[in-house]
Undergrad: 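Here's a structure for you.
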Amino acid sequence: MFGKKKKVDLTELDRERLPVHVAVIMDGNGRWAKKRLLPRVAGHSAGVSTVKKIMRMSSDLGIRYLTLYAFSTENWKRPKEEVSALMRLVIDSLRRELEEMHEENVVFNTLGEISQFPDEVVDVLVNAKEKTKNNTGITVNFALNYGARSEIVRAVRKIAHKVEQKELSIDQIDEEQISQNLYTVGQPDPDFLIRTSGEERLSNYLLYQLAYAEFYFTPVYWPDFTETEYKKALLEFQNRKRRYGGL
Ligand code: IPE
Ligand code: IPE
Ligand code: MG
């Protein structure tokens, strides 16, 4: 996964001013393939190489959390051949890369309702989480069958259940309580969101967690999003003035 050769000079980046948590909407695989007269699935395969590059560079930079949107709750609407090709890709890539990710101290995690996937997919995901759970390096969250609205509904239900069981009073429901019932429990909110492919929308991604994130949109398709492009994005992040409502 991580490979050995370093392609870009990272010394221009100020290590003290990097995001702690980067969230990415990996978009444009289909259009990348179409431009090359290839089937859409070829775009998804090419996208896996970008995932490896971005994971490695994030880890090298000491970024603590990387969250990648890999399959939304709305992506079930795609033709079933594409959905199963995506599942296959998840299984094959993870089987192939898991050992190296583990050696690189990566914590593999998922966000979303993975139980709705076929058993083989669930097994591979659960195994990867279990194997890497005590690692201390970067946490990589793969958002799989993830939708922010359903995540919020789930959190509300969990909280209501606690109230019903008298484990929690209504007065104790606060922002922290909501955060602790999202899939990202225990993690800081993303401070930087990147979306590739020119689309400028959230597509039901991390609606609660992105409240104060800086957004970065690039026309580059995900398979073409290189280390140089990532560096460009991070440099832009470092030039943003974050005010959080203050002056
Ligand atoms: C993003 O690429 C990957 C997934 C949604 C799984 P797309 O498949 O959405 O590519 P475009 O947007 O059609 O180009
Ligand atoms: C968002 O991309 C989901 C993922 C990247 C997994 P989509 O391509 O599915 O989003 P829309 O349809 O353009 O909003
Ligand atoms: Mg898309």
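Just so it is clear, the values below take in all heavy atoms, side chains as well, and ignore hydrogens, waters and symmetry mates. First listed ligand is number 1; within each ligand, the first listed atom is number 1. Just so you know, residue 1 is the first one in the sequence shown, and it goes up from there.
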Undergrad: Students often mix this up, so state it plainly: with edges at 30° and 60°, are the rings of F225 and W222 parallel, tilted or perpendicular?
TA: parallel
Undergrad: How far is atom 1 (C) of ligand 1 from its nearest protein heavy atom, and which residue and atom name does that atom have?
TA: M26 O, 3.0 Å
Undergrad: List ligand 1 atoms under 4.0 Å from A70, heavy atoms only on the residue side.
TA: 6 (C)
Undergrad: With atoms numbered from 1 as shown, which atoms in ligand 1 lie under 4.0 angstrom from a non-hydrogen atom of R31?
TA: 11 (P), 12 (O), 14 (O)
Undergrad: Can you see whether D191 engages H21 through a side-chain donor-acceptor pair at a distance of less than 3.5 angstrom?
TA: no
Undergrad: Are the side chain of S72 and the backbone N or O of N75 linked by a donor-acceptor pair below 3.5 Å?
TA: yes
Undergrad: For G28, state whether at least one heavy atom is located under 4.0 Å from any atom of ligand 1.
TA: yes
Undergrad: Yes or no, since that's all I need: does a protein heavy atom fall within a distance strictly under 4.0 Å of atom 12 (O) of ligand 2?
TA: no
Undergrad: Answer yes when E97 and K52 have at least one side-chain N-carboxylate O distance shorter than 4.0 Å, and no when they do not.
TA: yes
Undergrad: Of the protein's non-hydrogen atoms, which lies at the shortest distance from atom 14 (O) of ligand 2, and what is that distance?
TA: S203 OG, 2.6 Å
Undergrad: Classify the ring geometry of F71 against W76: parallel below 30°, tilted from 30° to 60°, perpendicular beyond 60°.
TA: perpendicular
Undergrad: Between Y205 and V24 (side chain of the first, backbone of the second, donor and acceptor by atom type, cut-off under 3.5 Å), is there such a pair?
TA: yes
Undergrad: Counting from 1, what ligand 2 atoms have a heavy atom of F71 closer than 4.0 Å?
TA: 6 (C)
Undergrad: Hey, looking at atom 7 (P) of ligand 1, which of V83, L86, D27 has the closest heavy atom?
TA: D27
Undergrad: Quick check for you: to the nearest 0.5 Å, what is the distance between E227 atom CD and D9 atom CG?
TA: 12.5 Å
Undergrad: If you measure every N or O of R201 against every N or O of ligand 2, does any of those distances drop under 3.5 Å?
TA: yes
Undergrad: Any heavy atom of E199 sitting closer than 4.0 Å to ligand 2?
TA: no
Undergrad: Can you check side-chain hydrogen bond (donor to acceptor under 3.5 Å, both in side chains) on S58 and R64, steps first, answer last?
TA: CA-CA 8 Å; S58 303; R64 298 299 303 153; over 6 Å; no
Undergrad: Contact between ligand 1 and K34 is defined here as a heavy atom of the residue under 4.0 Å from a ligand atom; is it met?
TA: no
Undergrad: Everything protein-side that's N, O or S and under 2.8 Å from the Mg ion (ligand 3): list it, residue and atom.
TA: D27 OD1
Undergrad: Counting both backbone and side chain atoms, is some N or O of N75 under 3.5 Å from an N or O of ligand 2?
TA: yes
Undergrad: With sequence neighbours left out, which residue pairs that include part of residues 11-26 fulfil the salt bridge (Lys or Arg N to Asp or Glu O under 4.0 Å) condition?
TA: E12-K231
Undergrad: Is the backbone of F215 close enough, under 3.5 Å, to the side chain of R240 for a donor and an acceptor to pair up by distance?
TA: yes
Undergrad: Check T226 against I54 and note the closest heavy-atom contact, atom names and distance.
TA: O-CD1, 4.3 Å
Undergrad: Quick check: does R40 get an N/O under 3.5 Å from an N/O on ligand 1?
TA: yes
Undergrad: Nearest protein heavy-atom contact for atom 5 (C) of ligand 1: which residue, which atom, what distance?
TA: R78 NH2, 3.4 Å
Undergrad: For atom 2 (O) of ligand 2, grab the closest protein heavy atom and report residue, atom and distance to one decimal in Å.
TA: R195 NH2, 3.6 Å
Undergrad: Which label fits Y69 and Y146: parallel for a plane angle under 30°, tilted from 30 to 60°, or perpendicular past 60°?
TA: perpendicular
Undergrad: Checking a contact table here: which protein heavy atom is nearest atom 10 (O) of ligand 1, and how many Å away?
TA: G30 N, 2.9 Å
Undergrad: My understanding is that only residues two or more places apart in sequence, or in another chain, count here; which of them pass ring-ring contact (aromatic ring centres under 6.0 Å, His included) with Y208?
TA: none
Undergrad: Show me the donor-acceptor pairs within less than 3.5 Å that the side chains of residues 176-183 make with the rest of the protein, sequence neighbours left out.
TA:
from	atom 1	to	atom 2	distance (Å)
E176	OE2	Q180	NE2	2.7
Q177	OE1	N181	ND2	3.0
S179	OG	E175	O	3.3
N181	OD1	K162	NZ	3.0
N181	ND2	Q177	O	2.8
Y183	OH	E113	OE1	3.0

